[in-house]
Novice: 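Got a structure for you, written out below as structure tokens; questions coming shortly.
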Amino acid sequence: MSEINIEKWSTLKEVQDYLGVGRETILQWIAKRNMPAYKVGRLWKFKLSEVDKWIRSGGAADNSDPADAE
């Protein structure tokens with residue numbers, strides 16, 4: 001029988017610690033940059049593999065380049 005590895009859900013606090021950013025930053029990323037997150041009741045839950053993929057694809061990149069403002 002093959003063993004299935006199921007990834008656990010992470011909390012907002014765990015993602016803060018994992019990424020080294022603040023709570024408000026993560027909430028802004030969810031609202032404005034489509035960070036992968038799931039609302040379970042009043043709590044935000046995350047899959048770290050999805051967060052990693054989102055970061056690698058440039059989701060958390062600082063797009064404050066002046067050329068972007070035009």
Side-chain angles (χ1 to χ4, degrees):
M1 196 182 320
S2 65
E3 186 176 320
I4 300 174
N5 187 8
I6 299 175
E7 180 182 0
K8 79 174 195 82
W9 290 96
S10 297
T11 65
L12 183 68
K13 177 69 174 141
E14 290 169 333
V15 174
Q16 281 179 247
D17 295 341
Y18 181 69
L19 297 178
V21 298
R23 180 179 186 275
E24 291 302 317
T25 299
I26 292 174
L27 294 174
Q28 286 180 1
W29 285 346
I30 292 168
K32 298 180 182 174
R33 297 191 183 184
N34 296 319
M35 181 181 197
Y38 305 89
K39 197 84 183 232
V40 180
R42 294 176 51 192
L43 305 175
W44 284 105
K45 296 293 183 175
F46 305 82
K47 293 284 187 177
L48 291 182
S49 62
E50 293 178 2
V51 173
D52 283 339
K53 184 176 178 182
W54 175 77
I55 289 172
R56 286 189 184 103
S57 72
D62 183 5
N63 296 329
S64 61
D65 184 355
D68 290 344
E70 294 178 17

Novice: Using the salt bridge (Lys or Arg N to Asp or Glu O under 4.0 Å) rule, collect all pairs that involve residues 40-59, keeping only residues at least two apart or in two chains.
Specialist: none
Novice: My understanding is that a hydrophobic cluster links ILVMFWY residues whose side chain heavy atoms are under 4.5 Å apart, including indirect links. Using that, what else belongs to the cluster containing Tyr38?
Specialist: Trp9
Novice: What pairs with Trp54 under ring-ring contact (aromatic ring centres under 6.0 Å, His included), at least two apart in sequence or on another chain?
Specialist: Trp29
Novice: Starting at CE of Met35, measure out to CD of Gln28 and round the result to the nearest 0.5 Å.
Specialist: 12.0 Å
Novice: Report yes if the side chains of Phe46 and Leu12 come closer than 4.5 Å at any heavy-atom pair, otherwise no.
Specialist: yes
Novice: Taking side-chain hydrogen bond (donor to acceptor under 3.5 Å, both in side chains) as the definition, give me every residue that meets it alongside Ser49, ordered by chain and number, with sequence neighbours left out.
Specialist: Glu7
Novice: Test: salt bridge (Lys or Arg N to Asp or Glu O under 4.0 Å). Region: residues 9-18. Which pairs qualify, not counting sequence neighbours?
Specialist: Lys8-Glu14, Lys13-Asp17
Novice: Assess whether atom NZ of Lys39 is packed by more than 12 heavy atoms of other residues, nucleotides or ligands within 6.0 Å.
Specialist: yes
Novice: Could you give the side-chain donor-acceptor pairs of residues 19-27 under 3.5 Å, partners two or more places apart or in another chain?
Specialist:
none

Novice: Quick one: does Leu43's side chain get under 4.5 Å of Thr11's, heavy atoms only?
Specialist: no
